[in-house]
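Reading through the structure tokens given below for one structure.
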Amino acid sequence: MSSLKYLNLLLIIFLHYCDVTTAADDFISMKIVNEISTNGAWQQNQPSMTNQQLTSQPRHFIGPAHLRQLADECFEYVQSDYRYRLCPFHNVTQHEVTSRWNAYHGVLGVWEGWKIVEDRFASLHFHKGDTCAGNGERQVEVMLECGDDDVITHVTSVDEWEECKYLIKLKSHMFCARMGTYNFLNETMRSGKMEIEQDFVDGFLTSRGYEDKIARFYSRLFPTTEEEKKFDAVDVCNEEYSKLLHKIAKLKKELEEIKNK
């Protein structure tokens, strides 16, 4: 591959993956799911333990800095015949602990992003889990609950509130403070949010309109889908983008000089 093609490819990759709120050093390594996903299929000739190929990679860490330590931990919860394993900012798995020939072992979801409620980081969203017959892919919402200082972080409940859609409640003293979104907003973003709030106070927005605008505001700041990520909202990304354009222009000039010799 020529140098020019390489830089163009690098530019495309950069534009696709550049996030609006984090720098490159915010990436965390992915936890490997150590069980094969059976989806209820017969596994007589399959090894009992193997590394599973996830259908999606978890996005990089974003959120309150004091929660980063949770990226190195996993929490288990047993309910009826199922064992759930939650690894924040990585994935959620479910293991059927029965002797059934078609017991299910698989991925319920892969870390995607935050759900913001009343300007607070309220819950983690996991998507693109194993396919669920007739119901698309499995997905999980992990609601964060404030707990006493002397209580270790733990899962308090798991509820499949709708087929293949799960709600997990995770309790910790870490969720009691420093969970606001304000510190993640630069001056421009704060001004934009204040304008929305002022429009609501002045009666230009209904309650529904206000909620929709705030939801769109946070979806751009903390996107939960690849399509919603915006490149040009962060100065750091703009700076790196300019550097890449400069390198490409320089290389093109050098190639032209070589051709003209």
Is a donor on one side and an acceptor on the other found under 3.5 Å between the side chain of E160 and the backbone of C164?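 It does hold such a pair.
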Least distance between heavy atoms, [X] atom then [Y] atom:
{"X": "F75", "Y": "L70", "result": "CZ-CD2, 3.9 Å"}
{"X": "E73", "Y": "P88", "result": "O-CD, 3.4 Å"}
{"X": "H90", "Y": "A71", "result": "NE2-O, 2.9 Å"}

Within-4.5 Å side-chain heavy-atom neighbours: [X] and [Y]:
{"X": "I116", "Y": "F121", "result": "yes"}
{"X": "W111", "Y": "C87", "result": "no"}
{"X": "H125", "Y": "K115", "result": "no"}
{"X": "F200", "Y": "K213", "result": "no"}
{"X": "L144", "Y": "W114", "result": "yes"}
{"X": "E137", "Y": "H127", "result": "no"}
{"X": "N186", "Y": "M189", "result": "yes"}
{"X": "R68", "Y": "F89", "result": "no"}

[atom1]/[X] to [atom2]/[Y] distance, rounded to the nearest 0.5 angstrom?
{"X": "H66", "Y": "S172", "atom1": "NE2", "atom2": "OG", "result": "8.0 Å"}
{"X": "M143", "Y": "K169", "atom1": "CE", "atom2": "NZ", "result": "5.5 Å"}
{"X": "I196", "Y": "K193", "atom1": "CD1", "atom2": "NZ", "result": "8.0 Å"}
{"X": "S80", "Y": "E96", "atom1": "OG", "atom2": "CD", "result": "10.5 Å"}
{"X": "F204", "Y": "E195", "atom1": "CZ", "atom2": "CD", "result": "12.5 Å"}
{"X": "K253", "Y": "L251", "atom1": "NZ", "atom2": "CG", "result": "12.5 Å"}

For V140, run the side-chain contact (heavy atoms from CB on, under 4.5 Å) check against L167, L108, V158, V110 and tell me which one passes. L108
Between V92 and the options L124, V107, I168, the side-chain contact (heavy atoms from CB on, under 4.5 Å) test singles out I168
With sequence neighbours excluded, what pairs up with [X] under the side-chain hydrogen bond (donor to acceptor under 3.5 Å, both in side chains) test?
{"X": "E118", "value": "none"}
{"X": "E162", "value": "none"}
{"X": "K171", "value": "none"}
{"X": "T156", "value": "none"}

For residues 173-185, run the donor-acceptor check on the side chains, cut-off 3.5 Å, and write out each pair with its distance to 0.1 Å, sequence neighbours left out.
from, atom 1, to, atom 2, distance (Å)
T181, OG1, D119, O, 3.4
T181, OG1, Y218, OH, 2.8

Take V155 and Y84 through the test side-chain contact (heavy atoms from CB on, under 4.5 Å) and record every step on the way to the result. CA-CA 9 Å; V155 174; Y84 300 89; over 6 Å; no
Let's go through D212 and R208 carefully: what are the C-alpha distance in whole Å and the side-chain angles of both, what is the deciding distance for salt bridge (charged side-chain N to carboxylate O under 4.0 Å, His left out) to 0.1 Å, and is it a yes or a no? CA-CA 6 Å; D212 289 344; R208 180 62 181 273; 3.5 Å; yes
Say whether N260 and E256, considering side chains only, have a donor N or O and an acceptor N or O under 3.5 Å apart. no
Non-neighbouring partners of Y82 that pass ring-ring contact (aromatic ring centres under 6.0 Å, His included), sequence neighbours left out: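 If we apply the ring-ring contact (aromatic ring centres under 6.0 Å, His included) test to Y82, skipping adjacent residues, there are no hits.
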